[in-house]
Amino acid sequence: MRVYLPCTLPALARVAADGELGPAPLTGYAVTPALVEWYASGDTEELEYVALTEAARASLRMVAADRADGVKTPARRVVVAVEVPDGEVNGGADLEERATVRLSAAVPLSRVAAVHVDEEAAVPDVEAAVAALPDADRGDDDARFTVDGAEANELLWYATQEIPDLIG
């Protein structure tokens, strides 16, 4: 099953050094039965894009959390696409988390299919979104608009052999 795991550039560097994404359990996003039911008119590619978008939103929160902890994290969303056996994936039952899954095991680097990362031109929008997150969470519509603005930037696709270039 293809699962999209939110990440940051510093976390991706740790993945490259450790040789795996972990420790488990890991929260990811995938095409789940609940997502298929909710978005009945979507084909597989559209459904995977929804899951990727959910992971990108989670990555934005990871950037904000890193910064709150004093970690110098670049304002670029990162999503790692992995292929994992179905038996290691548990779907969420909450309708609000229709694409959310939990992985019961760490994911070796050999199961990484690709990495999706914001291009440099997206940094100002991602910076603004990170700054607006607290107000957006409190219900401020302007802040939500700013957070949603980060999604106007498409994530770029990178092959696994390009990971050293991304983190270097």
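Remark: side-chain polar atoms of T27 are not paired, donor with acceptor, to backbone N or O of R102 under 3.5 angstrom. In this structure, D69 contributes its side chain and V71 its backbone to no donor-acceptor pair below 3.5 Å. Between the side chain of E46 and the backbone N or O of D43, at least one donor-acceptor pair lies under 3.5 Å. A donor-acceptor contact shorter than 3.5 Å is absent between the side chain of E151 and the backbone of D148.
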Derivation of the side-chain contact (heavy atoms from CB on, under 4.5 Å) call for H116 and L52
CA-CA 9 Å; H116 303 269; L52 173 66; 3.9 Å; yes
Should V126 and V123 be marked as a side-chain contact (heavy atoms from CB on, under 4.5 Å) after you check the CA-CA gap, both sets of side-chain angles, and the distance that decides it?
CA-CA 5 Å; V126 176; V123 168; 5.7 Å; no
Taking it one step at a time, do L156 and V117 satisfy side-chain contact (heavy atoms from CB on, under 4.5 Å)?
CA-CA 5 Å; L156 301 179; V117 181; 5.7 Å; no
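Side-chain heavy atoms closer than 4.5 Å link hydrophobic residues (I, L, V, M, F, W, Y) into clusters, and following such links, possibly through other members, connects Y158 to I167. A continuous path of Ile, Leu, Val, Met, Phe, Trp and Tyr side chains, each step under 4.5 Å between heavy atoms, connects L103 with V112, placing both in one hydrophobic cluster. Taken together through direct or relayed side-chain contacts under 4.5 Å among Ile, Leu, Val, Met, Phe, Trp and Tyr, Y4 and M62 form parts of separate hydrophobic clusters. Both L5 and L12 belong to a common hydrophobic cluster when Ile, Leu, Val, Met, Phe, Trp and Tyr are linked at side-chain heavy-atom distances under 4.5 angstrom. Y49 and Y29 are not part of a single hydrophobic cluster, where members link through side-chain heavy atoms under 4.5 Å apart.
Pairing each heavy atom of A132 with each of A143, the nearest pair is O-CB, 3.6 Å. Nearest heavy atom pair, residue A56 against residue L155, reads CB-CD1, 3.9 Å. Residues P124 and A121 approach most closely at CD-O, 3.4 Å, considering heavy atoms. Of all heavy-atom pairs between P6 and A55, the closest is CB-O, 3.3 Å. Residues G28 and V3 come closest through the heavy atom pair CA-CG1, 4.0 Å. Nearest approach of R144 to A136, heavy atoms of both residues: NE-O, 3.4 Å.
Counting heavy atoms from C-beta outward, L21 and L26 have side chains that approach closer than 4.5 Å. Looking at heavy atoms from C-beta onward, T44 lies out of side-chain contact with L47 at the 4.5 angstrom threshold.
To the nearest 0.5 angstrom, C7 atom SG is 7.5 Å from R14 atom CZ. D135 contributes atom CG, which lies 9.5 Å from atom CG of D142 (distance to the nearest 0.5 angstrom). Interatomic distance, D140 CG to T146 OG1, rounded to the nearest 0.5 Å: 8.0 Å. L166 contributes atom CG, which lies 11.0 Å from atom OG1 of T160 (distance to the nearest 0.5 angstrom). The structure places CG of N90 at 12.5 Å from OG1 of T100, a figure rounded to the nearest 0.5 Å.
Pairs engaging residues 112-131 under the salt bridge (charged side-chain N to carboxylate O under 4.0 Å, His left out) rule: R67-E127, R76-E120, R77-D118 [sequence neighbours left out].
A salt bridge does not link D66 with R61: every distance from a Lys NZ or Arg NE/NH1/NH2 to an Asp or Glu carboxylate oxygen is 4.0 Å or more.
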Indicate every side-chain donor-acceptor pair of residues 78-89 with a distance under 3.5 Å to a residue at least two apart or in another chain.
from : atom 1 : to   : atom 2 : distance (Å)
E83  : OE2    : R2   : NE     : 2.5
E83  : OE2    : R2   : NH2    : 2.9
E88  : OE1    : R111 : NH1    : 3.1

